[in-house]
Amino acid sequence: QRVPDGCRVSAAMIREREAAVQNLKLDSAFFQRVLTEGAEDVDGAAPDYDIYLMEKCVMPVLLQGLDALSRHVDKISSAGPQTRGVKVPFNPLTWLAQYLLRNHPGKVKDHRAPIYHQLVELADIERGRRGLLRQLPVMEDAWTQMEEEGGGEVSVNELPQYIARLDSMWGLGGALVSKLPDDFAGVFNAHSAAERFTFERFWGWFEALVRKSDIIRAPAFEEAVRKRAAAELMVQHAQEGLVRYKQAMQEVLERRKTLEDQFASVSADVYTNAVIAQIINRSHHLPGIDEVDTAPCETGDHVELIVAMLGVWGFQADPPPGDEWNSDAAAAWQAWLDACGPEMSHGQVDSKNLRKLVDREAFQAYLVKAHPVPDFDAGAQELGTFEVRGIIEGRDVDVIVEAVDEETGTMHRLVLPEAQVEEVRRRLEADDDEPVLAHADLLSQRVTSVIRPDT
């Protein structure tokens with residue numbers, strides 16, 4: 001069939017693309033050939049460039065371009081285009097760059113799109129494989145820990161528990177458990193469920209399984225890492241908030257203690273002053289703010305003591321009047337009366353008002369209002385839902401439980417209040433498969449409430 005002149009270029013391009021795809025055979029075998037051998041042994045902190053080039057489709061498009069370029073060079077070398085008897089200059093790098101731009105997977109949607117999608121999926125699988133195989137040191141440490149807890153090598157019937165521990169440690173939410181056997185006796189041809197295993201034997205089987213199977217893909221690991229990081233950041237923020245709260249509380253308590261000591265010191269001198277004793281016994285008084293300018297000037301140690309006591313309460317005379325009862329001292333006195341004085345009191349320094357000024361209980365009540373202990377914001381608590389797996393250690397009052405965060409899959413050890421111990425113990429020992437769920441505060445690492453099965 002004759003191709004119209006205006007469509008010859010695009011038709012030729014289409015034929016080149018189809019030929020390139022067919023010649024390269026972009027399938028799983030091609031994917032495996034391109035991967036770097038032994039890449040899982042490289043430090044996981046280094047990028048997997050071979051996987052990156054495949055999942056971004058750089059390598060397949062580049063190889064297609066090189067294949068198309070070679071055929072194009074063969075074509076023009078035998079019968080290249082002529083312009084006025086001179087061959088048109090041909091730059092293979094420019095031609096290849098143009099090919100890559102025209103065939104960018106993100107912009108071209110044609111018959112190759114499903115192939116590119118498959119390559120991305122294969123990249124996720126391969127990155128997941130490498131991620132698992134690079135966990136060898138972590139898995140060996142977890143195995144050693146189980147051996148120490150069990151007092152010997154791990155048995156066949158303990159392998160599901162080991163897998164569950166890894167799943168929880170990595171925050172995979174059961175994804176690893178669901179891909180591995182529930183019973184390993186048949187897998188290893190064990191003579192009995194109590195047969196013991198070395199880690200080397202288990203790892204040989206596990207490595208072979210991972211290399212040929214799609215167990216955990218990269219997105220699952222990445223999401224688990226993200227959740228763990230978020231949980232750790234949440235706990236860190238909560239702990240930092242607790243530190244700030246304790247510091248603020250300590251500052252307030254120290255300030256109260258300082259003022260209480262000052263109050264006690266001034267009070268000791270107040271109760272031994274003769275003029276103040278006369279005021280308390282109602283045989284003398286000092287004028288208030290309305291009378292001080294017209295009343296006779298009064299000076300003495302008793303004035304200094306009253307002004308000092310006003311300062312302890314937080315009502316400073318400015319400027320300090322010394323031993324003279326003047327308008328500045330009377331103004332400070334009036335401010336104290338308005339804020340802390342007895343009800344229905346007059347402005348004078350009389351027995352009723354002065355008794356309130358030197359009353360220790362009244363001063364302590366003032367301190368609570370003026371210097372309150374900062375409230376710990378309940379919203380700063382980091383509450384979460386956990387599945388309690390077991391009671392692992394007892395204390396005098398509380399017990400410790402091992403619980404898994406439902407959101408992140410991270411294992412935590414939480415304090416379980418005594419009032420909730422019996423219920424949790426009974427439900428853990430029950431024959432049903434009902435999980436024991438509880439709300440807990442990550443800040444204090446305590447269970448706040450046990451969730452009833454019917455809620």
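At distances below 3.5 Å, not a single donor-acceptor pair connects side-chain atoms of K356 with backbone N or O atoms of L337. Between the side chain of Q161 and the backbone N or O of E158, no donor-acceptor pair lies under 3.5 Å. Of the possible polar contacts, none joining the Y366 side chain to the C340 backbone as a donor-acceptor pair under 3.5 Å is found. R196 places a side-chain N or O within donor-acceptor distance of the main-chain N or O of E153, the cut-off being under 3.5 Å. Looking at D405, its side chain never comes within 3.5 Å of a backbone N or O of M411 through a donor-acceptor pair. Listed for the S168 side chain is no donor-acceptor partner under 3.5 Å among the backbone atoms of A164. Side-chain atoms of T272 come within 3.5 Å of backbone N or O of D269 as a donor-acceptor pair. Between the side chain of R129 and the main chain of S213, a donor-acceptor pair closer than 3.5 Å is present. Proximity of a side-chain donor or acceptor of Y99 to a complementary backbone N or O of L66 within less than 3.5 Å is not detected.
Residues R211 and L133 have side chains in contact (heavy-atom distance under 4.5 Å, counting atoms from C-beta outward). In this structure, Q420 and V447 have side chains that are in contact, with non-hydrogen atoms separated by less than 4.5 Å. Taking the side chain as every heavy atom from C-beta outward, Q247 and Q250 never approach each other to under 4.5 Å. R228 has its side chain within reach of V225: a pair of non-hydrogen atoms, C-beta onward, lies under 4.5 Å apart. With a 4.5 Å cut-off on side-chain heavy atoms, R427 and V388 do not count as touching. In this structure, the side chains of L132 and W170 come closer than 4.5 Å at one or more pairs of heavy atoms. Taking the side chain as every heavy atom from C-beta outward, P105 and V61 approach each other to under 4.5 Å. Within the 4.5 Å cutoff, the side chain of R256 has no heavy atoms near those of the Q364 side chain.
When all heavy atoms are compared, the tightest approach of F221 to G128 is CE1-O, 4.0 Å. Across G311 and Q316, no two heavy atoms sit closer than the pair O-NE2, 3.3 Å. In this structure, D214 and K179 approach most closely via the heavy-atom pair O-NZ, 3.2 Å. Minimum interatomic distance between A317 and V307 (heavy atoms only, all atoms of both residues): CB-CG1, 4.2 Å. Residues L310 and W336 approach most closely at CD2-CB, 3.6 Å, considering heavy atoms. Smallest separation of non-hydrogen atoms from M309 and V266: CE-CG1, 3.6 Å.
With respect to the salt-bridge test (charged N to carboxylate O, under 4.0 angstrom), the residues E126 and R130 qualify. A salt bridge links D261 and K257; the closest N-O separation between the charged side-chain nitrogens and carboxylate oxygens is under 4.0 Å. Here R165 pairs with E149 in a salt bridge; the nearest charged N to carboxylate O distance falls below 4.0 Å.
If you take CD on Q145 and CE on M169, they are separated by 7.0 Å, rounding to the nearest 0.5 Å. Note that the CD1 atom of I306 and the CG atom of L357 stand 7.5 Å from one another [nearest 0.5 Å]. Of the inter-residue distances, the one linking E260 atom CD with Q262 atom CD reads 11.0 Å to the nearest 0.5 angstrom. Atoms CG and CD, from L93 and Q98 in turn, are 11.0 Å apart once rounded to the nearest 0.5 Å. Interatomic distance, I216 CD1 to D124 CG, rounded to the nearest 0.5 Å: 12.5 Å. With rounding to the nearest 0.5 angstrom, the OG atom of S449 is 10.5 Å from the CG atom of L437.
A centroid separation of 6.0 Å or more is found between the aromatic rings of F184 and F197. Aromatic rings from F263 and F363 are positioned such that their centres are separated by under 6.0 Å.
In this pair, F90 and H72 present their aromatic rings tilted. The plane angle is within the 30 to 60° band. Ring orientation note: the planes of F202 and W205 are tilted relative to one another, at an angle of 30° to 60°. Below 30°, between 30° and 60°, or above 60°: for F206 and W203 the angle between ring planes is between 30° and 60°, a tilted geometry.
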(request) Take I400 and V415 through the test side-chain contact (heavy atoms from CB on, under 4.5 Å) and record every step on the way to the result. (result) CA-CA 5 Å; I400 303 297; V415 177; 3.8 Å; yes
(message) Please evaluate residues F188 and E195 with respect to the criterion side-chain contact (heavy atoms from CB on, under 4.5 Å), reporting the C-alpha separation (whole Å), side-chain torsions for both, the decisive distance (0.1 Å), and the verdict.
(response) CA-CA 10 Å; F188 292 99; E195 183 174 335; over 6 Å; no
(request) Please test R413 against V401 for side-chain contact (heavy atoms from CB on, under 4.5 Å), starting from the C-alpha separation and ending with a verdict. (result) CA-CA 6 Å; R413 292 191 174 185; V401 296; over 6 Å; no
(request) Start with the C-alpha gap between V73 and W95, add the side-chain angles, then the distance that decides, and say whether side-chain contact (heavy atoms from CB on, under 4.5 Å) holds. (result) CA-CA 10 Å; V73 170; W95 191 96; over 6 Å; no
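Here the options are L180, L176, L172, the test is side-chain contact (heavy atoms from CB on, under 4.5 Å), and the partner is L166; only L176 passes.
With 3.5 Å as the limit, one finds no donor-acceptor pair spanning the side chains of Q236 and E232.
Under a cut-off of 6.0 angstrom, the local environment of CG in N91 is crowded, with over 12 non-hydrogen atoms contributed by other residues, nucleotides or ligands. The local environment of CD in E361 is sparse, with at most 12 non-hydrogen atoms from other residues, nucleotides or ligands closer than 6.0 Å.
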